[in-house]
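Data block below; observations after.
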Amino acid sequence: MNAAAPLWQPRGDSLLQRFQAQVAAEQQQALPDYHALYQWSIREPAAFWQAVWRFGGVISQREADCVLQDGERMPGARWFVGARLNFAQNLLRRRDDAIAVYGVDERLQPVAWRWQQLYDTVSRLAQALRAHGIRPGDRVAALVPNSPHTLAVMLACASVGAVWSSCSPDFGVQGVLDRFGQIAPRLLFASDSYRYNGKRIALDDKLAALAAALPGVERFIVSTSEGDSPQLPAGERICSWDDFIAPYPAALIDFEPLPFDAPLYILYSSGTTGVPKCIVHGAGGTLLQHLKEHQLHGDLRPNDRLLYYTTCGWMMWNWMASALACGAGLVLYDGAALPAGNEDLLWQLCARLGVSHLGVSAKYLSALEKAGVQPAQHDLAALRVLYSTGSPLLPESYDYVYRAIKPDVALCSISGGTDIVSCFALGCPTLPIHRGELQARGLGMAVEVWNEAQQPVVGDKGELVCVAPFPSMPLGFWNDADGSKYHAAYFARYANTWVHGDYAELTARGGMIIHGRSDTVLNPGGVRIGTAEIYRQVETVPQVLEALCIGQDWQGDVRVVLFVRLATGLQLDAALEDSIRQRIRQHASPRHVPARIVQVADIPRTRSGKPVELAVRDVVHGRTVRNQEALANPEALALFRDLPQLAC
């Protein structure tokens, strides 16, 4: 495949084109292409975000007195000062009989909720919350699967101004306490069980332990995922979902009008280097940023249908939920991405439910190819956009998508994070797609790549920074009254500049390549190497299922160590080692070739699927990994301790 030729070309009308034409007319600006629109959006941020507000049809009870106040300060800028709105009201605009959301697990028996049903359920929950005394700013936590019930509770919390925070039910007790224990929730919603890889996992013992450890939680509201009465742990603070809402018939929702920067969500950093940071996101900034990303960058329209493979412990769940504000429907899938014996399950769902926008991780696409799955055998006529995030998408995965999934799908690799509950770089329906590149920087996001002299560079690698405020910047961290932890996380390195922690590259055509996290950049012999550059080569080797790379301190320098997980039954021998090294040397550089290659049975990863390079580096160097509860498979860390291959 010709790497220089576009894999996909824009076609047809898009919401972005309509927005661009509208802005050009209103501003009397010549905006002939995306690049001109992007430059205008960062040059005139107040005008741009006000245009997004109008185009997205934001519902508000009061207009802003000032769109951008103290716009030169970061942090410190304020957006839409004086405006009052409600996040949930903007997501519940529809009350018709069309299907708003499907809930489905591995048994592939979708349960449909129509818009009116969703609205009515939110209404009953909101009344129950208010009757319990929940007020704006109170925290409500949830240990829940990805289901319509979960979506309804989040919207009910937003409707009364409560702050929502969730974990997926596979989190261990300590992992939940590390998060919810910091924010003092008044209520905690939970499910009695969840399903994963063909098994039903009961949560009775976990809920009982949480009830004992969180005495400040006034009530635990437990729903069932099996259709039977939930198995409730004993205690007067625990009640069923049905009992909680039973006294309240559906009625018009009394949406609480709140300031633009009222807190909406508390999300958590991965927590692999300590107790997770509690990141507070505002209602208005989240809404506006997501409207921009869904409508302008994703071309998501009313009656489209979005399925993002995620759990309620990852920010992509929050991002996905906002698609309701576009009038689009959701498919909420809860279960394994590649359940044993049914590895193409997500594609069956796409075909059966007419999914137009599908989101997965880069690791999922790589695993899909290794498993030999051919999704093109399913009817994917409705599928227009395929999102990928979580880690850099291999160039070879682009080839796989266009060969084995769909030749005319827009493959949009996106990158941002929990820190901003959105993206710095993502897709664009008016630009071509090139192999190995994210299409564009997001509108209104003044993103640059800086070299070590703090100079913006193009075609060279460096630190991804944002040099101007944007609406979805966090309001701050919970329990950080003076803002010192928030400042240290993003602004301590360069004054008035957001440092995101990605090692990246801007291309001459305006695209972006992510080379890994900047805190895991390797530095053998003083040469900076992004770990993603090595993964791109290693994961094309058929025998390698997964890889992780670190820098090991060695004899006054750093040497590159590569760990590989191989296909079942295979052993790393001299021939395979040589093949891996030759691949890296030929397609990256001799500097990228690892000094040691070590086979391991598993790779430790976060619950959103990212390999934890820093934690492995700590284990290799004999340092304590402080918060193993943040990992999906913490037992894998033991595989890297005291390895004889790394002692010589």
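If you read the sequence from its start, that first residue is 1, and numbering goes on from there. Atom set for the values below is all heavy atoms of this structure, side chains included, hydrogens, waters and symmetry mates excluded.
Annotation: salt bridge (Lys or Arg N to Asp or Glu O under 4.0 Å) contacts of Glu293 (sequence neighbours excluded): none. With sequence neighbours excluded, the residues that form a side chain to side chain donor-acceptor pair (under 3.5 Å) with Arg384 are Asp304. Under the salt bridge (Lys or Arg N to Asp or Glu O under 4.0 Å) criterion, Asp170 pairs with Arg607, sequence neighbours left out. Looking at residues two or more places apart in sequence or on another chain, you find a salt bridge (Lys or Arg N to Asp or Glu O under 4.0 Å) between Arg605 and Glu546, Asp602. With sequence neighbours excluded, no residue satisfies side chain to side chain donor-acceptor pair (under 3.5 Å) with Ser415. Applying the side chain to side chain contact (heavy atoms under 4.5 Å, CB included) criterion to His500, with sequence neighbours excluded, gives Asp419, Phe424, Leu464, Trp498, Asp502, Arg517. Legend: residues meeting side chain to side chain contact (heavy atoms under 4.5 Å, CB included) with Leu566, ordered by chain and number and at least two apart, are Val544, Val564, Leu570, Leu572, Leu576, Gln599.
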Under 3.5 Å, which donor-acceptor pairs do the side chains of residues 350-357 form with other protein atoms, sequence neighbours left out?
{"residue": "Arg352", "atom": "NH1", "partner": "Leu108", "partner atom": "O", "Å": "2.9"}
{"residue": "Ser356", "atom": "OG", "partner": "Arg305", "partner atom": "N", "Å": "2.9"}
{"residue": "Ser356", "atom": "OG", "partner": "Arg305", "partner atom": "O", "Å": "3.1"}
{"residue": "His357", "atom": "NE2", "partner": "Gly298", "partner atom": "O", "Å": "2.8"}

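Put simply, the side chain of Arg641 never gets that close to the backbone of Leu637: no donor and acceptor are under 3.5 Å apart. The backbone N or O of Cys428 sits less than 3.5 Å from a side-chain atom of Gln439, completing a donor-acceptor pair.
Pairs engaging residues 385-398 under the salt bridge (charged side-chain N to carboxylate O under 4.0 Å, His left out) rule: Glu396-Arg435, Glu396-Arg583 [sequence neighbours left out]. Under the ring pair (Phe, Tyr, Trp, His ring centres under 6.0 Å) criterion, the residue pairs touching residues 597-646 are Phe563-Phe640, with sequence neighbours excluded. Residue pairs meeting the salt bridge (charged side-chain N to carboxylate O under 4.0 Å, His left out) criterion with at least one member in residues 354-383, sequence neighbours excluded, are Lys363-Glu539, Glu369-Arg403. For residues 404-415, the salt bridge (charged side-chain N to carboxylate O under 4.0 Å, His left out) pairs, not counting sequence neighbours, are Lys406-Asp408.
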Checklist entry - Under the ring-ring contact (aromatic ring centres under 6.0 Å, His included) criterion, do His281 and Trp164 qualify, and how do the steps go? => result CA-CA 10 Å; His281 286 291; Trp164 168 265; over 10 Å; no
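When side chains are defined from C-beta on, Val449 counts as touching Met512, because their heavy atoms get closer than 4.5 Å.
Residues Trp319 and Tyr387 bring their aromatic ring centres within 6.0 Å.
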